[in-house]
Amino acid sequence: QVQLVESGGGLVQAGGSLRLSCAASGRIFSINTMGWYRQAPGKQRESVALITSGGTTNYADSVKGRFTISRDNAKNTVLLQMNNLEPEDTAVYYCHAVAAVASYLPPRTYWGQGTQVTVSS
């Protein structure tokens, strides 16, 4: 009932920057937490950054100081600005949202299809 579509991935050299975008659509009553996860080959999916409806953010230690998450509530969009990228950041990045589709239903977790980020050394 809620669709998340990511964009902005690509290939970048170490030290470069990328900005990921995720737009939520569909039947949405409210969106609570939005964020980004990533999964590298052979590794489990890990949380990268999240932002609550109130603007509180949280980051993985590995990206603190380099990544910035933000959201545009009017557009139901979450952004991830990634600076000083490292080869270790290479992964598929997945948009994540906790959203409710009606006022009388509890929030549920939704996932995007992922966008590839590749950082060359």
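Values reported hereafter were calculated over all heavy atoms of this structure, with side chains retained and with hydrogens, waters and symmetry mates removed.
Grouped with L50 in a hydrophobic cluster is no other residue, since no side-chain heavy-atom contact under 4.5 Å to another Ile, Leu, Val, Met, Phe, Trp or Tyr is found. Hydrophobic clustering, defined by side-chain heavy atoms of Ile, Leu, Val, Met, Phe, Trp and Tyr closer than 4.5 Å, groups Y37 together with V92, Y94, W111.
Shortest non-hydrogen contact noted between A24 and I31 is CB-CD1, 3.9 Å. The minimum heavy-atom distance linking M34 with N76 is given by the pair CE-O, 4.2 Å. Looking at every heavy atom in both residues, Q3 comes nearest to Q1 through NE2-C, 3.5 Å. Heavy-atom minimum distance, T90 versus A40: O-CB, 3.6 Å. Summarising the geometry of A91 relative to Q116, their closest heavy-atom pair is O-NE2, 3.4 Å, with the distance given to 0.1 Å.
In this view, S120 satisfies the side-chain hydrogen bond (donor to acceptor under 3.5 Å, both in side chains) rule with no residue, not counting sequence neighbours. Looking at residues two or more places apart in sequence or on another chain, you find a side-chain hydrogen bond (donor to acceptor under 3.5 Å, both in side chains) between Q81 and N83. The side-chain contact (heavy atoms from CB on, under 4.5 Å) test applied to R66 returns V63, N84, E86, D89, not counting sequence neighbours. With sequence neighbours left out, the side-chain hydrogen bond (donor to acceptor under 3.5 Å, both in side chains) criterion links T68 to no other residue. Applying the side-chain hydrogen bond (donor to acceptor under 3.5 Å, both in side chains) rule to K64 yields the partners D61; only residues at least two apart in sequence or on another chain are considered.
Screening residues 44-59 for side chain to side chain donor-acceptor pair (under 3.5 Å) gives R38-E46 as the qualifying pairs, with residues at least two apart or on separate chains. A ring pair (Phe, Tyr, Trp, His ring centres under 6.0 Å) check over residues 2-34, counting only residues at least two apart or in different chains, returns nothing. Sequence neighbours left out, not one pair with a member in residues 28-65 passes disulfide bond (SG atoms under 2.5 Å apart). Annotation: disulfide bond (SG atoms under 2.5 Å apart) contacts involving residues 23-75, sequence neighbours excluded, are absent.
Taking the side chain as every heavy atom from C-beta outward, R108 and V101 never approach each other to under 4.5 Å. S30 is listed as a side-chain neighbour of N32, based on a closest heavy-atom distance under 4.5 Å. Between I51 and T33, the closest side-chain pair of non-hydrogen atoms is not below 4.5 Å. At a threshold of 4.5 Å between non-hydrogen side-chain atoms, the residues M82 and Y93 count as touching.
Formation of a donor-acceptor pair under 3.5 Å by the S62 side chain with backbone atoms of A60 is not found in this model.
Here S25 contributes atom OG and K75 contributes atom NZ; the two are 14.5 Å apart, rounded to the nearest 0.5 Å.
In this structure, W36 is not a member of the same hydrophobic cluster as V98, with clusters built from ILVMFWY side-chain heavy atoms closer than 4.5 Å.
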Donor-acceptor pairs under 3.5 angstrom involving side-chain atoms of residues 5-15: please list them, not counting sequence neighbours.
| unit_1 | atom_1 | unit_2 | atom_2 | d |
| --- | --- | --- | --- | --- |
| E6 | OE1 | Q113 | N | 3.1 |
| E6 | OE1 | G114 | N | 3.0 |
| E6 | OE2 | C95 | N | 2.8 |
| E6 | OE2 | Q113 | N | 3.4 |
| E6 | OE2 | G114 | N | 3.0 |

request  = Go through I69 and L79 one step at a time and tell me if the side chain to side chain contact (heavy atoms under 4.5 Å, CB included) criterion holds.
outcome  = CA-CA 6 Å; I69 189 170; L79 303 175; over 6 Å; no
